Number of protein chains: 2
Amino acid sequence: MTTHGRRGEHLGRRQQILAAGLAVFSSSGFHGGSVRDIARRAGLSQAGLLHHFPSKAQLLGAVLTWRDDIARRELGEPAPDGLDLIRRLVAPPAVTRTQELVRLRVITSAEGVAFGHPVHGYVRHRQASVLDMVRQALEHAAARGELRQDVDPAGTARMLVALMDGLRVQWLLHPEQADITGDLRRCLQPLLTVDL
Amino acid sequence: MTTHGRRGEHLGRRQQILAAGLAVFSSSGFHGGSVRDIARRAGLSQAGLLHHFPSKAQLLGAVLTWRDDIARRELGEPAPDGLDLIRRLVAPPAVTRTQELVRLRVITSAEGVAFGHPVHGYVRHRQASVLDMVRQALEHAAARGELRQDVDPAGTARMLVALMDGLRVQWLLHPEQADITGDLRRCLQPLLTVDL
DNA sequence: GTCTATATACTGATAGAC
DNA sequence: GTCTATCAGTATATAGAC
């Protein structure tokens with residue numbers, strides 16, 4: 001089983017393939033990208049690639065899981081809670097802003113809304129879990145009196161997540177006109193009793 | 001030139017094809033959908049379809065233009081301005097909510113962020129023009145004193161558009177947990193001096 | 001673990017009859 | 001205006017040598 005094996009093979013192979021997959025899928029999505037193209041960029045043949053990832057769908061799944069690991073690591077270990085989490089989401093570290101990772105997220109999230117799409121389940125699950133994480137953080141903040149009393153944590157979580165998703169698209173389309181952190185701050189600060 | 005010809009041919013043909021294109025592109029996007037599939041659903045052969053729309057890219061373009069016409073018509077003629085426009089955006093008429101139209105918008109917007117994609121230019125242009133329309137409406141509302149004085153029309157327009165985009169995705173993924181109109185209202189009302 | 005070769009299917013687009 | 005037939009290209013995935 002090579003899936004987690006790290007002995008007896010070129011150590012960077014899987015990583016090389018994942019990076020190539022990120023480049024291709026983030027530009028063309030699942031249907032638009034081809035395994036051949038990814039293999040070529042990773043410097044091996046298509047059959048060689050499929051030895052590491054048995055199908056295109058599983059390759060995309062691995063790329064997305066890898067992306068999630070990066071995101072989780074950048075959020076900090078252990079993951080912050082309450083307003084600390086919100087602050088990290090509003091002003092993300094530099095790496096999160098690389099176009100490729102953001103595009104991968106935007107494109108797969110959109111493709112995944114279709115029922116038959118290979119990542120449909122994954123996208124639904126991730127959306128729900130992100131909403132849940134943000135809602136919990138807001139509830140903890142509320143318990144500490146950091147939220148205005150008339151603010152609904154669940155509704156605010158939906159709002160904040162939607163805002164982040166939408167602003168990402170704007171930033172990809174018109175980077176010079178976007179101000180993700182500023183817009184998020186302006187929207188959130190009025191709901192808080194403390195400084196963001 | 002059959003592009004706008006409406007004599008000497010089955011009057012509903014183009015419309016049938018556009019409807020089939022909507023169904024396919026809204027499920028699979030540009031790369032995932034095939035002209036053959038669209039033709040089959042429209043009840044004619046692939047070659048027959050390509051008589052009406054000379055290429056796949058131009059077919060998608062026509063479907064998007066058609067969608068825009070529907071959206072414009074539902075917004076009202078002439079298009080409302082100021083807070084009236086905002087009210088229409090926050091509480092859209094029933095038809096706008098059909099999943100297919102919303103999915104088409106979500107999927108093409110995301111696919112179109114990639115540089116080489118056939119609708120890249122279209123998506124960039126539409127995003128800019130929507131932002132512009134909303135910003136103008138907010139400026140007019142501000143001139144009438146309907147906005148709180150510390151509210152920035154341009155920033156609020158970015159926020160509102162991003163929010164709508166993100167909430168659409170949430171609604172597609174978890175329709176039962178979404179409340180687009182409510183969330184928009186909760187977010188906007190605090191910025192206004194009058195009832196939404 | 002990687003390769004070449006191949007199986008099988010589908011792609012967008014065109015040619016030409018009717 | 002619509003069809004059948006076809007072209008040339010590409011797709012994912014597999015078989016089997018090394």
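Since we're looking at a predicted model, the values are computed, not measured. First the proteins, then the strands, lettered A, B, ... as listed; each starts at 1.
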Assess whether side chain to side chain contact (heavy atoms under 4.5 Å, CB included) is satisfied between A:Leu191 and A:Met159, documenting all intermediate values.
CA-CA 12 Å; A:Leu191 310 178; A:Met159 191 200 73; 4.1 Å; yes
Take A:Gln15 and A:Leu18 through the test side chain to side chain contact (heavy atoms under 4.5 Å, CB included) and record every step on the way to the result.
CA-CA 5 Å; A:Gln15 205 53 41; A:Leu18 289 175; 4.2 Å; yes
Looking at residues 19-41 of chain B, who's got a heavy atom less than 4.0 Å off DNA chain D?
B:Arg36
For the pair made of CG in A:Leu50 and P in D:dA15, what is the distance, rounded to whole Å?
13 Å
Figure out the CD/P separation between B:Gln58 and C:dA13, and round it to whole Å.
9 Å
Any A:Ser45 side-chain nitrogen or oxygen under 4.0 Å from OP1 or OP2 of C:dC3
yes
State whether B:His51 places a side-chain N or O below 4.0 Å from either non-bridging phosphate oxygen (OP1 or OP2) of D:dG1.
yes
Between atom OG of B:Ser26 and atom CZ of B:Arg105, what is the distance when rounded to the nearest 0.5 Å?
14.5 Å
Round to the nearest Å and state the distance from A:Leu59 atom CG to D:dT12 atom C1'.
12 Å
Over how many whole Å does the gap from A:Phe53 atom CZ to D:dA13 atom P extend?
14 Å
Going through the distances and angles, do B:Leu147 and B:Thr193 end up as a side chain to side chain contact (heavy atoms under 4.5 Å, CB included)?
CA-CA 6 Å; B:Leu147 252 60; B:Thr193 61; 6.0 Å; no
Between A:Asp68 and A:Arg72 (salt bridge meaning N to carboxylate O under 4.0 Å), is one present in this structure?
no
With the side chain defined as heavy atoms from C-beta on, B:Ala47 is closest, among D:dT14, C:dA15, C:dG12, to C:dA15
Contact class for A:Leu44 (heavy atom, under 4.0 Å): base, sugar-phosphate, or nothing?
sugar-phosphate
Would you mind checking if A:Glu139 and A:Arg135 are paired as a salt bridge, meaning a charged N to carboxylate O distance below 4.0 Å?
yes
Report the relative orientation of the aromatic rings in A:Phe30 and A:Phe25; use parallel for angles under 30°, tilted for 30 to 60°, perpendicular for over 60°.
parallel
Nearest-Å distance for atom pair CD/C1', residues A:Gln46 and D:dT10:
11 Å
For the side chain of A:Lys56, starting at C-beta, report the closest nucleotide among D:dA13, D:dT2, C:dA13.
D:dA13
Atom pair distance, as rounded to whole Å: NE2 in B:His52 and P in C:dA13:
16 Å
